[in-house]
Amino acid sequence: MDPITAITAATAAFNTIKKGFEVGREIESMYGDIGRWMTSVEAVEKQAKSAKGKGMSVEEEALEIFAHQKKVKAMEEELRTFINLSHGPDAWNEVLRIQAEIRKKRKEAIAAAKRKREELIMYVMLGIGLLCTLWVVFYVIWKAMGR
């Protein structure tokens with residue numbers, strides 16, 4: 001996701017959340033919007049870390065990233081306030097802790113899948129090597145028997 005799309009998506013999700021709070025919607029009914037906002041924010045942060053210049057100067061790119069980060073930070077502060085007021089003073093930290101656990105589990109699952117794939121490749125190569133070895137042994141025996 002490019003940074004403009006990510007910040008646009010984050011802003012749209014945040015505006016939906018803000019309007020929901022203004023009209024008195026329960027926070028539980030806005031979890032989907034909050035999730036979309038967090039996903040968009042993660043995309044903005046990834047883009048800032050990877051910082052690939054797309055036809056713009058370093059200065060322009062730096063200012064764009066800075067502006068996006070400040071906008072996201074302001075949204076996060078307001079959302080943190082909403083959530084803490086709705087669920088208690090430590091609710092936002094609980095959300096962040098849960099996010100960290102999910103990220104860790106996903107990272108571990110990806111690493112486990114990679115290990116399994118590497119093991120499968122190793123076993124396939126061993127199998128092919130064994131078949132080739134057996135073929136050579138039988139060929140030599142067959143030739144030794146005079147056929």
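Positions are given from 1 along the sequence.
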How long is the straight-line distance from CD of E118 back to CD1 of I121, given to the nearest 0.5 Å? 7.0 Å

Please report the shortest heavy-atom distance between A10 and W37, naming the atom on each side. O-CD1, 3.1 Å

Is there a chain of hydrophobic side chains (I, L, V, M, F, W, Y, each step under 4.5 Å between heavy atoms) that links V95 to L85? no

Value rounded to 0.5 Å, distance of CE in M38 from CG in D33: 12.0 Å

Pairwise distance CG(L79) to CG(N84) - rounded to 0.5 angstrom: 9.5 Å

Transitive ILVMFWY side-chain link L134 to M125, under 4.5 Å: no

Hydrophobic cluster identity match, V72 and L96, side-chain contacts under 4.5 Å: yes

Gap between atom CD of E42 and atom CZ of R103 - 0.5 Å precision: 4.5 Å

Is there a path of hydrophobic side-chain contacts, each under 4.5 Å between heavy atoms of I/L/V/M/F/W/Y residues, joining I7 to F66? no

Are any non-hydrogen side-chain atoms of V41 and E76 less than 4.5 angstrom apart? no

With side chains defined as the heavy atoms from C-beta onward, is the minimum distance between H68 and K71 less than 4.5 Å? no

To the nearest 0.5 Å, atom NZ of K18 lies from atom OG1 of T11 at 11.0 Å

Trace of the side chain to side chain contact (heavy atoms under 4.5 Å, CB included) decision for I102 with R106: CA-CA 6 Å; I102 292 169; R106 286 182 181 176; 3.6 Å; yes

Just say parallel, tilted or perpendicular for the rings of W135 and Y139, cut-offs at 30° and 60°. parallel

Looking at CD1 of I34 and CZ of F14, how far apart are the two atoms once the value is rounded to the nearest 0.5 Å? 10.5 Å

Do the side chains of K104 and E101 get close enough for a salt bridge, i.e. N-O under 4.0 angstrom? no

Please determine if E77 and R80 form a salt bridge, counting it only when a charged side-chain N lies under 4.0 Å from a carboxylate O. yes

